[in-house]
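Here is the structure we will look at, set down as structure tokens.
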Amino acid sequence: MNSPEIAPNFTHPDRNLAMELVRATEAAAIRAVPFIGRGDKNAADKAAVDAMRVFLGTVNFDGLIVIGEGEKDEAPMLFNGERVGNGTGPACDIAVDPIDGTSLTAAGRQNALSVIAVSSRGTMLDASSVFYMDKIVTGGAGRGVVSLDAPIGDNIRELSRATGKPVGEMIIAVLDRPRHAELIDQIRSAGAGTRLMSDGDVAGGINAARWETRIDMCVGTGGSPEGITTACALKAIGGYMQGRLAPKDAAERAGAVAAGLDVDKLLELDDMVSGDNTFFVATGVTDGGLVDGVRRQGPIIRTESIVLRAKSGTTRRVIAEHLASKWL
């Protein structure tokens, strides 16, 4: 019998690095659990950082942290510029946030995540010299429709026309901060509703791009590291995003210029993360709209993670049960 012919365009898929990285976010989330609701965000963050770093060391890749816990003199581990992984395999840029929402964790609130985003080496924008970024995030329908340069009311109406969803049914996610008071008023004046987030705008941005959530748009000024991390996720789910760096003062602006950043440029997705070889992994620390948090069920610790891969456009949900006795 003749063996079947292989189609000319057949190519073997790349190994899914994200399925290895999820072990690191699971470990960070599990180690943060004893600190949920205890009021000590630094202790929660340290436990998550320690666990994530150990597991990252076992992954077959040469990872360079572009977005980490801070500069080396401030962060002893997972700092910007640190190399992680076992040094074999693909060379990657990596963004890590052992807990996106340390304050949420310390207060026992929802939507705390452990997050890792990865892209090919040299493709992730290093915006670490500017802490804040103005952002607008939507689903794919927002591409060519919304703009950071347009008033929020116009963006809401244009997205309403593009999606066929009435303005009165639209929900806009915004970080609940004093700086957003006028923005929130403008959203409501346009006829849309708001979803105010105490923290965690990575989850807010991703949910704005997912078709099955009630959030239609995420806007406002948040962390630039979170913006780049969100961009990695949006590449995998077909979302749309614009950003613009927002230096808080003249000194930060000068530092950004010295680092080669154009702080006035309207950043598209490809400016934040170029190419489509991106991975995004997040494990819930506390329950939220994106994933459930860690739960202890008898002898089992249950985790839920979301694993996104841009090259294949795949979203996976990973439910894992860990023997609690192995984590004592």
Side-chain angles (χ1 to χ4, degrees), residues 100-101 104 109-111 113 132-223 226-227 229-244 246 266-270 272 280 282 284 287-292 306 308 310 313-315 317:
D100 176 38
L104 297 175
R109 296 193 178 109
Q110 292 190 335
N111 291 314
L113 302 170
Y132 286 116
M133 175 188 285
D134 297 327
K135 314 167 196 176
I136 183 167
V137 184
T138 69
R143 187 172 287 104
V145 172
V146 302
S147 172
L148 271 177
D149 289 333
I152 186 61
D154 289 352
N155 281 326
I156 291 170
R157 287 184 286 272
E158 290 300 319
L159 187 61
S160 171
R161 277 190 279 270
T163 61
K165 186 174 184 178
V167 168
E169 296 178 10
M170 296 183 71
I171 302 294
I172 314 301
V174 188
L175 280 172
D176 190 6
R177 299 288 188 273
R179 63 177 177 268
H180 289 148
E182 183 177 353
L183 175 62
I184 291 167
D185 287 343
Q186 291 171 349
I187 291 168
R188 292 169 177 169
S189 295
T194 55
R195 175 74 55 83
L196 300 184
M197 305 177 294
S198 57
D199 276 296
D201 61 337
V202 171
I206 294 172
N207 280 328
R210 293 170 61 223
W211 64 268
E212 70 268 43
T213 72
R214 293 197 61 208
I215 297 175
D216 301 284
M217 185 187 299
C218 184
V219 295
T221 303
E226 288 82 358
T229 302
T230 301
C232 285
L234 296 181
K235 289 266 184 167
I237 57 177
Y240 181 65
M241 176 180 181
Q242 287 183 343
R244 181 181 283 116
L266 186 63
L267 301 171
E268 299 285 348
L269 267 179
D270 280 339
M272 291 180 265
F280 174 90
D287 287 346
L290 190 62
V291 286
D292 286 340
I306 188 168
L308 309 175
T314 304
T315 299
R317 289 190 176 272

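Computed from a predicted model, the values in this text were never measured in an experiment. Residue numbers count from 1 along this sequence.
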Pair Asp201-Lys135, salt bridge (charged side-chain N to carboxylate O under 4.0 Å, His left out): steps then yes or no | CA-CA 10 Å; Asp201 61 337; Lys135 314 167 196 176; 2.6 Å; yes
How many angstroms lie between [atom1] in [X] and [atom2] in [Y], if you round to the nearest 0.5 Å?
X	Y	atom1	atom2	result
Leu175	Glu226	CG	CD	9.0 Å
Ile156	Ile172	CD1	CD1	4.5 Å
Met197	Arg177	CE	CZ	8.5 Å
Asp134	Leu183	CG	CG	10.0 Å
Met170	Leu159	CE	CG	4.0 Å
His180	Asp185	NE2	CG	12.5 Å

Take atom CZ in Arg179; do more than 12 heavy atoms of anything else shown fall under 6.0 Å from it?
->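 Result for CZ/Arg179: enclosed.
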Donor-acceptor contact present, side-chain [X] to main-chain [Y], <3.5 Å:
X	Y	answer
Arg143	Gly239	yes
Arg210	Gly205	no
Ser160	Lys165	yes
Gln186	Ile152	no
Thr194	Leu196	no
Asp216	Ile171	yes

Testing the basics here: between [X] and [Y], what is the closest heavy-atom pair and its distance to 0.1 Å?
X	Y	value
Ile136	Val219	CG1-CG1, 3.6 Å
Val146	Asn155	CA-OD1, 3.3 Å
Ala208	Val137	CB-O, 3.7 Å
Leu234	Tyr240	CD1-O, 4.0 Å
Arg317	Leu290	NH1-O, 2.9 Å
Ala173	Ile215	CB-CG2, 3.9 Å

Note, [X] side chain near [Y] side chain (heavy atom, < 4.5 Å):
X	Y	value
Ser198	Leu104	yes
Ile206	Phe280	yes
Met217	Ile187	no
Arg244	Met133	no

Residues in salt bridge (Lys or Arg N to Asp or Glu O under 4.0 Å) with Arg195, at least two apart?
->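 Salt bridge (Lys or Arg N to Asp or Glu O under 4.0 Å) check on Arg195 returns nothing, list empty.
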Charged N-O contact under 4.0 Å between Asp154 and Arg157 =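 Counted as a salt bridge, because a side-chain N and a carboxylate O are separated by less than 4.0 Å.
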Start with the C-alpha gap between Asp199 and Asn111, add the side-chain angles, then the distance that decides, and say whether side chain to side chain contact (heavy atoms under 4.5 Å, CB included) holds.
-> CA-CA 8 Å; Asp199 276 296; Asn111 291 314; over 6 Å; no
Take Cys218 and Thr230 through the side chain to side chain contact (heavy atoms under 4.5 Å, CB included) test and state the conclusion after the steps.
-> CA-CA 11 Å; Cys218 184; Thr230 301; over 6 Å; no
